[in-house]
Amino acid sequence: MTGPVGLRCMLMRGGTSKGAYFLAADLPAEAAVRDELLLRVMGSPDPRQIDGLGGAHPLTSKVAVVSPSADPEADVDYLFLQVAVDEAEVSDRQNCGNLLAGVGPFAVERGLVRAGGSETTVRIRMVNSGDFATATFPTPDGRVDYSGDTAISGVPGCAAAVVIGFPPRRGRLLPTGNVRDTAAGTEVTCVDNGMPTVLIPAEALQVTGREDPKDLERNQELTARLHEIRLAAGHLMGLGDVTDTTVPKLTLLSPPRHGGAVTTRTFIPARVHPSIGVLGAAGVAAGLRIEGSVAHGIAALPEDGDRLRIEHPSGFTDIESSIDPAPEDGPRARRTAVVRTARKIFDGTVFPVPPTGGRS
Ligand code: NQM
């Protein structure tokens with residue numbers, strides 16, 4: 001009998017998600033070999049992920065792979081991998097702005113970046129999209145301090161703030177080139193501010209947009225219609241056949257109920273997000289600001305300033321967002337900033353299910 005082979009791994013909550021963080025050097029270099037190993041680390045495919053680290057939901061079945069960056073504009077590279085729960089699939093086709101919140105602290109913990117005084121800013125290249133971000137967090141005494149009094153909706157208790165900033169994006173905010181498109185007979189706005197997202201007025205689908213996520217997931221007529229819209233929008237957005245991919249996401253919009261700018265329910269894309277993703281929120285915020293988008297007549301934009309409040313099932317996300325409305329080839333995101341928190345849960349060695357499935 002041979003002993004199990006372990007891997008160095010840190011489990012962290014990043015924003016409202018949870019994932020396994022690895023140094024790229026601790027994983028196989030070849031993507032197919034790495035992904036097969038990560039399935040065994042997370043316990044997929046299995047609806048309960050009972051034999052691995054995964055938490056039986058897309059938001060707790062995530063992996064961040066971090067390495068020193070060769071890009072002079074970044075300290076570290078961050079590759080996000082979505083590990084499917086009940087399918088043997090690992091995808092690099094989407095980003096994750098929530099796990100992003102843990103990347104800076106992880107880089108300091110692993111010695112990739114030196115803590116710089118009472119707080120540290122880490123410059124991050126998001127490998128999935130080529131976008132950049134900065135993350136600033138407290139590092140008194142040269143160590144990451146996760147404790148603080150910042151609360152974010154969807155996470156009990158408080159922790160230290162991780163301030164995330166996104167510089168102007170090179171990509172177009174409107175991937176179809178249109179402010180509105182018709183997808184499977186429904187008028188939508190397709191937006192990409194780091195996460196391809198289809199904005200849909202909830203009213204157009206005969207729902208209020210205030211429903212409980214579980215009720216929306218159970219509504220078969222609604223989910224069938226959303227599936228059609230997503231397939232059509234995927235083609236319009238240049239993403240090809242999106243049947244088996246996790247992007248684009250779909251966000252239902254309805255008027256705000258608690259003084260914010262808009263109420264949202266986001267399909268990611270099968271499950272309904274218990275809150276909203278960071279880049280998902282960035283897309284909604286930008287979409288709200290685009291003249292003529294489907295958000296008009298639904299959203300209540302603040303009179304001034306970049307900050308707006310996106311309401312979602314577990315509370316709200318405040319996000320700062322500004323756009324350049326009229327370059328020649330359509331609006332672009334100027335700047336986006338959001339506050340998250342992150343926490344180291346465990347640091348150690350993970351033992352993946354053996355390749356034999358445990359048979360000797
Ligand atoms: O949009 C969920 C999450 C996300 C992604 C998803 C995210 C983002 O909440 O930036 O963070 O849309 O699959 O982790």
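Numbering of ligands and ligand atoms starts at 1, following listing order.
In terms of N/O distances under 3.5 Å, ligand 1 is not approached by Ile276. For the pair Asn95 and ligand 1, the shortest N or O to N or O distance does not fall below 3.5 Å. Residue Gly97 places at least one N or O, backbone or side chain, under 3.5 Å from an N or O of ligand 1. Residue Met195 has no N or O atom closer than 3.5 Å to an N or O atom of ligand 1. Considering backbone and side-chain N/O atoms, Ile268 never comes within less than 3.5 Å of an N/O atom of ligand 1. Residue-to-ligand polar distances place Ser17 within reach of ligand 1: an N/O pair is separated by less than 3.5 Å.
Of the possible polar contacts, one joining the Thr263 side chain to the Pro255 backbone as a donor-acceptor pair under 3.5 Å is found. A donor-acceptor pair is defined here as one N or O able to donate and one able to accept, closer than 3.5 Å; no such pair exists between the side chain of Lys249 and the backbone of Pro269. In this structure, the side chain of Ser275 does not engage the main chain of Ser314 through any donor-acceptor pair within 3.5 Å.
Of all the heavy atoms in Pro248 and Leu239, the pair that sits closest is CD-CD1, 3.8 Å. Residue Thr16 comes nearest to Ile276 through the heavy atom pair OG1-O, 4.4 Å, listed as atom of the first residue, atom of the second, then distance.
The closest approach between Pro58 and ligand 1 stays at or above 4.0 Å for every heavy atom of the residue. Within the structure, ligand 1 lacks Thr246 among the residues with a heavy atom less than 4.0 angstrom away.
The option with the heavy atom closest to atom 1 (O) of ligand 1, from among Gly194, Gly280, Ala101, Pro274, is Gly280. Taking all heavy atoms of Asn98, Thr266, Leu99 into account, the minimum distance to atom 11 (O) of ligand 1 is reached by Asn98.
When heavy-atom distances to ligand 1 are checked against a 4.0 Å cut-off, Leu100 has no atom that comes that close, whether in backbone or side chain.
Note that Arg125 lies outside the cation-pi zone of Phe132, set by a 6.0 Å cut-off to the ring centre and a 45° limit from the axis.
Salt bridge present: Glu217 and Arg271 bring a charged side-chain N and a carboxylate O closer than 4.0 Å. In summary, Glu30 and Arg34 do not engage in a salt bridge, as defined by a charged side-chain N under 4.0 Å from a carboxylate O.
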Given Asp71 and Ser69, is the side-chain hydrogen bond (donor to acceptor under 3.5 Å, both in side chains) satisfied, shown in steps?
-> CA-CA 5 Å; Asp71 192 309; Ser69 184; 5.4 Å; no

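Counting the atoms of ligand 1 from 1 in the order shown, those under 4.0 Å from a heavy atom of Gln94 are 6 (C), 13 (O). Listed by atom number, the atoms of ligand 1 under 4.0 Å from Lys249 heavy atoms are 6 (C), 12 (O), 13 (O). Counting the atoms of ligand 1 from 1 in the order shown, those under 4.0 Å from a heavy atom of Lys62 are 2 (C), 3 (C), 4 (C), 5 (C), 14 (O).
Only one option out of Phe22, Tyr21, Tyr146 pairs with Phe106 in a ring-ring contact (aromatic ring centres under 6.0 Å, His included); it is Tyr21.
Nearest to atom 9 (O) of ligand 1 among the protein's heavy atoms is His273 NE2, 2.6 Å.
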